[in-house]
Undergrad: 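Before I ask anything, here is the structure I am working with.
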Amino acid sequence: MSQATIESILHEKRLFHPSEDFSNRAHIKNLDEYRQLYDRAKTDPEGFWEELAETELHWFKKWERVLDWQPPFAQWFAGGKINISYNCLDRHLNGDRKDKPALIWEGEPGDSRIFTYAELHREVCQMANAIKELGVKKGDRVGIYMPMIPSAAIAMLACARIGAPHTVVFGGFSAEALKDRLEDAEAKLVITADGGWRKDAIVPLKDQVDKALEAGAPGVENVLVVKRTQQEISMQPGRDHWWHDLQTRVSADCPAEEMDSEDMLFILYTSGTTGKPKGVVHTTGGYNLYTHVTSKWIFDLRDDDVYWCTADVGWITGHSYIVYGPLSNGATTLMYEGAPRASNPGCLWDVVQKYGVTIFYTAPTAIRALMKLGEQHPDARDLSSLRLLGTVGEPINPEAWMWYHRVIGGGKCPIVDTWWQTETGGVMITPLPGATPTKPGSCTLPFPGIVADVVDAEGEPVTDESGGYLVVRQPWPGMMRTVYGDPDRFRRTYWEYLRPQDGNPIYFAGDGARKDEEGYFWVMGRVDDVINVAGHRLGTMEVESALVSHPAVAEAAVVGCPHEVKGEEIVAFVTLKEDLDASEELENELKQHVVNEIGALARPKEIRFTEELPKTRSGKIMRRLLRSLASGEEISGDTSTLQDRGVLEKLRGG
Ligand code: WTA
C-alpha cells in the first residue's frame with residue numbers, strides 16, 4: 001500500500017469494522033453490548049467485578065468484601081481464598097480440557113513439545129514439590145531467570161501453587177542487574193537453565209547466575225537448574241541442583257495452597273524515573289480475575305483457538321498474556337524460544353503455519369522489523385488460520401498497522417491495539433475485537449471497569465484534542481498494590497504526581513495521550529524520563545547511574561532518539577573526569593560497561609563526549625535540548641533558563 005493511500009485512509013479517519021461473521025461469534029458482539037458493560041461497571045464497579053469473580057473463577061472460600069479502597073491502597077476480594085495455579089490447571093482437569101493442549105512450545109533449533117492440561121498440571125506439581133524440598137515456604141521469594149522454555153511457565157505456576165511469590169528477571173538482563181533484583185526481593189531460591197537459544201547462539205544464563213551470586217544476593221540458598229542448551233556449566237555442590245535429578249524423586253501430588261486473595265503473587269521490576277528499578281507488586285485474586293476477563297474478551301478466546309503472544313515471560317506481557325490469563329481460561333497458549341534471524345527470517349510464520357495459530361499478539365517494534373525483512377516471508381507461508389491480531393508496548397505507527405492488517409491479517413483480522421503497563425497488571429484501553437471499530441494508531445476505548453481520562457496538571461479533563469496526561473480515576477482489580485518494600489514510593493510516584501483540585505486521587509504512570517471527538521484514545525508516548533527501546537522500558541536515570549559508576553565518567557545525561565524500527569535508541573552525553581581524553585576506545589568501553597551493569601538491551605547507540613552539560617540555573621539537566629541535539633533537530637522553545645548558553649554552541653559544534 002502506498003504512502004498516499006495510507007494517508008488518505010488516515011485523513012478520512014476511516015474506521016475498520018470487524019466482519020459480521022467475527023462479531024456474531026465474538027464474546028462481545030457490538031458497541032451497544034460494550035457500552036452496557038462499560039456503563040454497568042462505571043456505576044456499580046463492585047457489583048460488576050463481584051459477578052465476574054463468582055462466575056469466572058474458582059474460590060476455596062468466598063471473600064468478605066469486594067473492594068476495600070484506602071487510596072492509594074486497594075484490596076480486592078479480601079478474605080477470599082484462591083489459588084491462581086488451581087484456576088489455571090486443576091479446574092480444567094474434570095472435563096474435555098484435560099487432554100487439550102495447554103502449552104505448545106517451539107524451541108529455536110526446531111525441537112518442540114506439547115503439554116496437555118493434565119501433563120502441565122503434573123509437571124507444575126512436581127516442580128512445586130522440588131521447590132519445597134529446597135526449603136522454600138509460603139511467602140518466600142523465588143527468582144526466575146529463564147529462557148523461553150516451558151519450564152519458565154512451569155516455575156511460575158509452581159511458585160504460585162505453594163504461595164511463594166516469584167520475581168522473573170528477563171534473560172537479557174546482566175548478572176549485575178539480576179543481583180540487584182534478587183537482593184531487593186530477598187530471594188531464597190533461583191530457578192534458571194544452563195542456557196537458552198537466541199539467534200543461533202547460546203545465552204549462558206547459569207554463568208550469569210553464578211556471577212550474580214558471587215557479587216551479592218547472600219539470601220539465595222539454592223539454585224535449581226533446568227537443562228536446555230547442554231553446554232558444560234559449573235555446579236556448586238550443595239547449592240546447585242539439576243531439575244532432572246530432582247524430578248525423578250519428587251511426588252506429582254501437590255495440592256494448591258489456599259491463598260488469601262490479597263497475598264502477593266509476584267514482584268516484577270520495572271524502570272522508572274530514578275536509577276533504581278521498582279518492584280511492582282501484584283497480588284492473587286484481583287490479578288487472576290483481571291487477566292482472566294481481559295484475555296477472554298480482548299482476545300475473544302474460544303476453546304479451539306491456538307493463541308500466541310510473542311513476548312518474553314520476563315515481562316508483564318508474558319506473565320499476564322502467555323501464562324496466567326490464557327491458562328485461567330483453559331486456552332491453548334503457544335510459547336516460542338526463537339526470533340527472526342539471518343538463518344530463518346520467516347520463522348514466526350513457520351510457527352503460525354505449523355500450529356494453525358489463530359490469535360497473534362506482538363509488539364510494534366517487531367512488526368516494523370518484520371516489514372523490513374519483506375513480504376516474501378509471510379507470503380510464502382499459509383497464514384489463513386489467523387483470525388485476530390494484537391499489539392502492545394508502544395504506540396503503533398499507522399504504516400505498520402496497515403502492513404500488519406494487510407500482509408499478516410490478510411485484510412480480514414481485527415487488530416487490538418492494547419494500552420497498558422507493568423503496573424496495571426492487564427490491558428486498560430483496547431478495542432474489543434467483535435465490537436469496536438478501529439482506527440490505525442489508536443488504542444480506542446477503555447475496558448469495562450476502567451475509568452480513563454486525559455487531564456491537565458490540575459487533574460481537569462482536557463476536552464479538546466491538544467492532549468495531556470493519561471490517567472485512571474478508579475481502582476481496578478489488576479492494579480499494582482505497592483512498590484515492594486517502599487509503599488511511600490508507590491504513593492508518590494503514581495498517585496501524587498498530579499494534584500487534582502477535588503482532592504480525589506488519580507493514577508498516572510507516565511504516558512501522554514489525547515482523546516478525539518469520538519472518545520478514542522491516542523497514546524503519544526512517555527512524558528517522563530522513561531524511554532522505550534524496542535518495546536523495552538528503560539529509565540534514563542538507570543542508564544546514567546550505570547555510566548557514572550565507571551571511573552572515567554564525571555557526569556552523564558541520557559536521552560531517547562527516534563529510531564525507525566526500535567522506536568527509540570539511547571544517546572548518552574558524557575563528561576569525563578579531569579585529565580581524561582575522549583577516544584573511540586573509551587566510547588566502546590563505556591558502552592560495554594552499560595551492558596555489564598544492565599544488559600544488552602540498554603547499550604547506547606552513541607556516546608557524545610562533552611565538556612559540560614546544558615543545565616538550568618538550579619542545576620537541572622535540560623534534557624529537552626539534548627533530545628533535540630541527539631535527533632539532529634533544530635533547538636526550539638525556550639532556552640532562557642539555560643545557565644550557560646555557550647554550552648549549547650559547543651554541543652552543536654560536536
Ligand atoms: C507503552 C507493557 C502506546 C506506554 C505492557 C506504557 C503503549 C509502557 C502501548 C508500559 C500501546 C504499552 N500504545 N503505548 N498500545 N502499550 N505502551 O510496563 O508508554 O513494559 O507506559 O508494559 O509501554 O510498558 P511496560
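Counting starts at 1 for both ligands and their atoms, following the listed order.
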Undergrad: Hey, which atoms in ligand 1 end up nearer than 4.0 Å to a heavy atom of Val392?
TA: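 Numbered from 1, ligand 1 contributes 5 (C), 16 (N).
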Undergrad: Apply salt bridge (charged side-chain N to carboxylate O under 4.0 Å, His left out) to residues Lys439 and Glu518 and explain how you reach the verdict.
TA: CA-CA 11 Å; Lys439 305 179 188 181; Glu518 276 146 327; 2.5 Å; yes
Undergrad: Would you kindly specify which portion of Ile396 sits under 4.0 Å from ligand 1, judged on non-hydrogen atoms: side chain, backbone, both or neither?
TA: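 Neither; no heavy atom under 4.0 Å.
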Undergrad: Under 4.0 angstrom from ligand 1, any heavy atom of Trp315?
TA: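 Not so, Trp315 does not reach ligand 1.
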Undergrad: Give a yes or no on this: more than 12 heavy atoms of other residues, nucleotides or ligands lie within 6.0 Å of atom NZ of Lys515.
TA: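 Counting other residues, nucleotides and ligands, NZ of Lys515 exceeds 12 neighbours.
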Undergrad: Under 3.5 Å between some N or O of ligand 1 and some N or O of Thr270?
TA: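 The answer is no, given that Thr270 and ligand 1 share no N or O pair closer than 3.5 Å.
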Undergrad: Taking N or O atoms only and a 3.5 Å limit, does Thr391 qualify as a polar contact for ligand 1?
TA: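 Among all N and O atoms of Thr391, none is under 3.5 Å from an N or O of ligand 1.
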Undergrad: If the cut-off is 4.0 Å to any non-hydrogen atom of Thr422, which atoms of ligand 1 fall inside it?
TA: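 Heavy-atom distances to Thr422 below 4.0 Å select 18 (O), 20 (O), 22 (O), 25 (P).
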Undergrad: What is the distance from atom CD1 of Ile570 to atom CD1 of Ile531, rounded to the nearest 0.5 Å?
TA: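 Reported value, rounded in 0.5 Å steps: 4.5 Å.
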Undergrad: For the 3.5 Å polar cut-off, considering only N or O atoms, please tell me whether Gly525 and ligand 1 meet it.
TA: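 No - when backbone and side-chain N and O of Gly525 are compared with those of ligand 1, no distance drops under 3.5 Å.
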Undergrad: Side-chain donor-acceptor pair under 3.5 Å between Tyr269 and Lys276, yes or no?
TA: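 Checked: Tyr269/Lys276 side chains show no N/O donor-acceptor pair below 3.5 Å.
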Undergrad: How close does the nearest protein non-hydrogen atom get to atom 10 (C) of ligand 1, and which residue and atom is it?
TA: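 Ranked first by proximity to atom 10 (C) of ligand 1 is Trp420 O, 3.6 Å.
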Undergrad: Any heavy atom of Cys443 closer to ligand 1 than 4.0 angstrom?
TA: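 Judged by the 4.0 Å heavy-atom criterion, Cys443 does not count as contacting ligand 1.
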Undergrad: Strictly by modelled atom types, are His292 and Asn87 linked by a side-chain donor-acceptor pair under 3.5 Å?
TA: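 There is no such pair between these side chains.
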Undergrad: Considering non-hydrogen atoms of the protein only, which is the closest contact for atom 6 (C) of ligand 1, and what is the distance?
TA: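 Nearest protein contact, heavy atoms only, for atom 6 (C) of ligand 1 is Asp511 OD2, 3.1 Å.
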Undergrad: Would you give the length of the straight line joining atom CZ of Phe299 to atom OG1 of Thr418, rounded to the nearest 0.5 angstrom?
TA: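 Separation between the atoms: 6.0 Å.
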Undergrad: For Thr317 and ligand 1, does the shortest N/O to N/O distance drop below 3.5 Å?
TA: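 There is no such contact.
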Undergrad: Quick check on the 6.0 Å ring-centre criterion: do Trp349 and Phe360 meet it?
TA: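 Yes, the ring of Trp349 comes within the 6.0 Å limit of the ring of Phe360, centre to centre.
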Undergrad: List the steps, then state whether side-chain contact (heavy atoms from CB on, under 4.5 Å) holds for Tyr290 with Val427.
TA: CA-CA 9 Å; Tyr290 197 67; Val427 175; 5.7 Å; no
Undergrad: Does only the side chain of Ile316 get under 4.0 Å from ligand 1, or the backbone, or both, or neither? Count heavy atoms.
TA: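 The answer is the side chain of Ile316.
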Undergrad: Kindly determine whether Glu186 and Tyr484 satisfy side chain to side chain donor-acceptor pair (under 3.5 Å), including the steps that lead there.
TA: CA-CA 11 Å; Glu186 301 157 299; Tyr484 186 67; 3.1 Å; yes
Undergrad: Please state which protein non-hydrogen atom is closest to atom 23 (O) of ligand 1 and give its distance, to 0.1 Å?
TA: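 Going by distance alone, atom 23 (O) of ligand 1 is nearest to Gly393 O, 3.2 Å.
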